[in-house]
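What follows is a set of notes on a single structure, which appears directly below.
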Amino acid sequence: MAPIKEAVYATLLMDDSYLPGAMVLGHSLKDKGAKARLVVLATIDNLSASTITELRTVYDEIIPVNRIVNKHPANLYLMDRPDLISTFTKIELWRQTQFRQIVYIDADMVAIRAPNELLNYNTNFAAVPDIGWPDCFNSGLLVLRPNLGDYYSLLALAQRGISFDGADQGLLNMHFQDWERLSFAYNCTPSGSYQYIPAYKHFQSSISLLHFIGREKPWTIGRDHKYASGVYGELLGRWWSTYDKHYRVHASYQTGRPRDTPRTVPNYVTGEKTTSYLGYSFSEPQPQHEPAPWIDVEPPPEAPATTTEEAMGDQPEPVEQIDKQDFEPTSTVEQRRFTAPQMEWDASRAPPPMDSKPEAQNFPSQVYEFNQDTSLFQAPKYPEAPRDMYYQVPSKPKRTEKPKPIFPWEAHAPKPTRVFPEERPPSPEPEIEPEPEPEPEPEAVAVARTSSDASESSVFTRESRSSSNSASESDPWNSYTRVNAWDAMPEIERYVQAFVQSRKGKVQVLHQAGAHSKTADQSLLSPPVDAERRPSMKITDFPTEWERPSLPVTPAPRHPSFWGEEGDEEGELPAAEGVPKQQDWNPVQKLEELQKRQTEVLQTGPELIPKEIPNRAMPDSAVDTTAVTAEATAKALCGEKARATDPATERLSDSGVDMANARSRAQPKPILKEPSFELGGVSSEKDLWSSKDVAPEVLSANGSASAWVKH
Ligand SMILES: O=c1ccn([C@@H]2O[C@H](COP(=O)(O)OP(=O)(O)O[C@H]3O[C@H](CO)[C@@H](O)[C@H](O)[C@H]3O)[C@@H](O)[C@H]2O)c(=O)[nH]1
Ligand SMILES: [Mn+2]
């Protein structure tokens, strides 16, 4: 009993340019679970050794066949396929009688699923209708039973060139007129102009094999083609997904192939080229028809051998040699291997493969569980505070030593008599409020000032009042003596007077000592020319209201904004012409002189005619207009009385100022630049301005008047 012959899948390869198609087909069949061996009829005389080596990686058997060339190729040019001049070689299938059945598949086809049912399909010959003429079958997929009868019949037709298309399909259709029709799904032949898209949508899930008929093949048009969208582009993506799975960058690593396996397939794919680095193969985009300079894409010289095995053994491997010599450095340490993510399919061209795994399947997941501990939370023990973190507060050193004496009188200083009373004892009786003190009368002040005893009270402690008021004696505020211990020491007094004397003349104030002292005035700190004024060093012995300065006899500092000038804010005012220096000025003498002359003026009567102030511009030169303005003010305010002062003022200008001349140059300035030194008509003006008739703003507008009139 003869052994049962096997059924196989078979394809045809007649030159290297179809190698990518043959490899993608073989991989797709195996990837989809082909249940038969893969064989390839190869015209090895026309194939490179690398191609044959490549074929062996996926095909189980390489069957060398003789090329059968159509010697009457005229019809080939009818369909513009002179490249198919050798497709008569396909009739070699019927000579492979070692196989029970052959499922032949063109090298430009890709399996979506493996048509294993066709391996045992009981038929003499079966095929799929051709899309161009469906009464004919397409010779891309054939189910046949090899037999020498058909073989020689077909060979005879071939030798005579009998084919309506000049190729195998025309020949076979002429021989197998009673062919068994198979489903279009076994040999789906789309094209760029495919129009029956609804049918494709409906039947696409049943497609077993795609057939890229025509001159253009997936590997010749490359990845960047014009069919990016549409059904044809979608089906092209199926081919590319298989190709990428096995031949794109690092694909060799994932398929577990040896590192030194020559990868020649991308060399025949448009836009791809192969380089090798560190033993890995890379598929990189490459300009069309421009192979890498170091890779000889031309097939090597034909081997004389007639068998496949011999040919493979002797063929040189140019690509592999270049890889090893030029691109594989010697590594001293083990290199970390990088594995690029595997691309199952080209998402920009096709949907994911039907058997692809879900996305995010490999996403890491972490599951957290609730804490099952039922005990109460115990806070961790708080660390104790450090114990040695303190320091001794330094005690304030007590000063027991008496400071060394500085002044000579400290050696024999008397014991202090001041008493600092303790807390005030609570009084059962309500305190009698002291009467509000009346304004100090001149007499009282005079009495106070006449006291030369330092132990006596000052102007603020009125002995007459305190003695009559018994309630105030118990009041420590009233009984408190505002006297210093050194007040009675003549050495201190002399000491102070020594430097007070030196300041004499710099500070002078007018002193009007009340009604009985109109004729003589004195400085507060001047020597005691007046017996009523004692030189006191008591700090509590403040000057009385009468003693306070009321009229400065030295020029007041000029206020910058007053003049609106710049650059002259500091320094003394320029000395006025005709004004005597302060050192030469004796106010007492001048006042006495004024007193005398005023009496003369008043005696002359109001017969004098008032003179008008000429309204003329005054030159910038410092001219003392005080007298003039004072005169004008006096006229305006006092009428006849003031007019009477006019000649007297003129006569009083003993400083050399010609009053008439100054008046003629005078300008009616409302504000004077300096206080007046010419105190014409002091008594009369003082009396007048004290009256209620004078408006205060008028007075304040006149510097002379406001400067010395205080009350
Ligand atoms: O240079 C070549 C040319 C062809 N083939 C093989 O021959 C087959 C047929 O050529 P192909 O380019 O596939 O032809 P198609 O474009 O498919 O043209 C149609 O016309 C051809 C000639 O009649 C038939 O063989 C095809 O089955 C049919 O589909 C290929 O698949 C290969 O297996 C080669 O190996 N090398
Ligand atoms: Mn084909």
Side-chain angles (χ1 to χ4, degrees), residues 9-26 28-29 38-48 51-52 54-55 59 62-70 72-93 102-111 127-134 136-144 154 157-158 161-176 179 182 184 186-192 209-221 235 239 268 299:
Y9 290 109
T11 189
L12 174 66
L13 184 64
M14 295 186 292
D15 60 55
D16 294 328
S17 64
Y18 272 73
L19 178 65
M23 299 306 294
V24 167
L25 171 66
S28 67
L29 285 170
L38 302 185
V39 300
V40 52
L41 306 184
T43 57
I44 58 174
D45 58 338
N46 203 33
L47 299 175
S48 67
T51 295
I52 294 172
E54 192 67 32
L55 287 172
Y59 284 95
I62 299 172
I63 301 175
V65 293
N66 293 320
R67 185 198 301 259
I68 302 176
V69 180
N70 184 3
H72 308 276
N75 289 343
L76 287 174
Y77 291 95
L78 291 176
M79 60 176 182
D80 195 23
R81 293 297 301 271
D83 57 303
L84 300 178
I85 196 171
S86 302
T87 53
F88 283 165
T89 310
K90 198 181 287 184
I91 65 176
E92 288 292 309
L93 291 170
I102 296 176
V103 178
Y104 170 81
I105 306 171
D106 259 1
D108 57 348
M109 295 177 69
V110 63
V128 176
D130 185 81
I131 194 173
W133 196 266
C136 299
F137 58 85
N138 181 276
S139 60
L141 181 128
L142 305 171
V143 180
L144 63 108
L154 293 170
L157 292 172
I162 297 174
S163 168
F164 61 81
D165 63 357
D168 67 285
Q169 185 163 304
L171 184 149
L172 293 172
N173 270 281
M174 294 176 75
H175 178 73
F176 294 105
W179 56 279
L182 294 174
F184 189 72
Y186 286 113
N187 186 1
C188 181
T189 54
S191 69
L209 293 138
L210 293 171
H211 187 185
F212 300 97
I213 61 172
R215 179 183 294 272
E216 287 185 333
K217 306 300 180 189
W219 60 92
T220 62
I221 60 179
L235 297 178
W239 188 92
Y268 305 105

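Remember, it's 1-based here, ligands and their atoms both numbered in the order they're listed. Keep in mind the model is a prediction, meaning the values are calculated, not measured. Numbering starts at 1 and runs along the sequence shown.
Protein heavy atom at the shortest distance from atom 22 (C) of ligand 1 is A167 CB, 3.1 Å. What sits closest to atom 20 (O) of ligand 1 on the protein, heavy atoms only, is L84 CD1, 4.0 Å. In terms of protein heavy atoms, atom 25 (O) of ligand 1 is closest to D168 OD1, 2.4 Å. Here the heavy atom of the protein found nearest to atom 19 (C) of ligand 1 is Q169 OE1, 4.2 Å. Looking from atom 12 (O) of ligand 1 to the surrounding protein, the closest heavy atom is Y18 OH, 2.6 Å.
Only the side chain of K90 comes within contact range of ligand 1, with a heavy atom under 4.0 Å; no backbone atom does. Proximity of R215 to ligand 1, defined as any heavy-atom pair under 4.0 Å, is not found for any part of the residue.
Taking every non-hydrogen atom of G140 and a distance limit under 4.0 Å, the qualifying atoms of ligand 1 come out as 27 (O). Close approach to K217 involves these atoms of ligand 1, each under 4.0 Å from a residue heavy atom: 11 (P), 12 (O), 13 (O), 15 (P), 16 (O).
Side-chain contact between L25 and D106 is absent, with no heavy-atom pair separated by less than 4.5 Å.
For ligand 1, the polar-atom distance check finds an N/O of D165 within less than 3.5 Å of one of the ligand's N/O atoms. Between I213 and ligand 1, a contact under 3.5 Å exists for no N or O pair.
With T11, D15, L142 as candidates, the residue nearest to atom 36 (N) of ligand 1 on a non-hydrogen basis is D15.
Looking only at atom types and distance, the side chain of D130 has a donor-acceptor partner in the side chain of Q169 under 3.5 Å away. If you check the side chains of T89 and S86, you find no donor sitting under 3.5 Å from an acceptor. Side-chain atoms of N187 and N138 form a donor-acceptor pair, as typed in the model, at a separation below 3.5 Å.
Partner L209 forms a side-chain contact (heavy atoms from CB on, under 4.5 Å) with one of L141, V110, V103 and no other, that one being L141.
Inspection of the environment of the Mn ion (ligand 2) yields the following protein N, O or S atoms under 2.8 Å: D106 OD2, D108 OD1, D108 OD2, H211 NE2.
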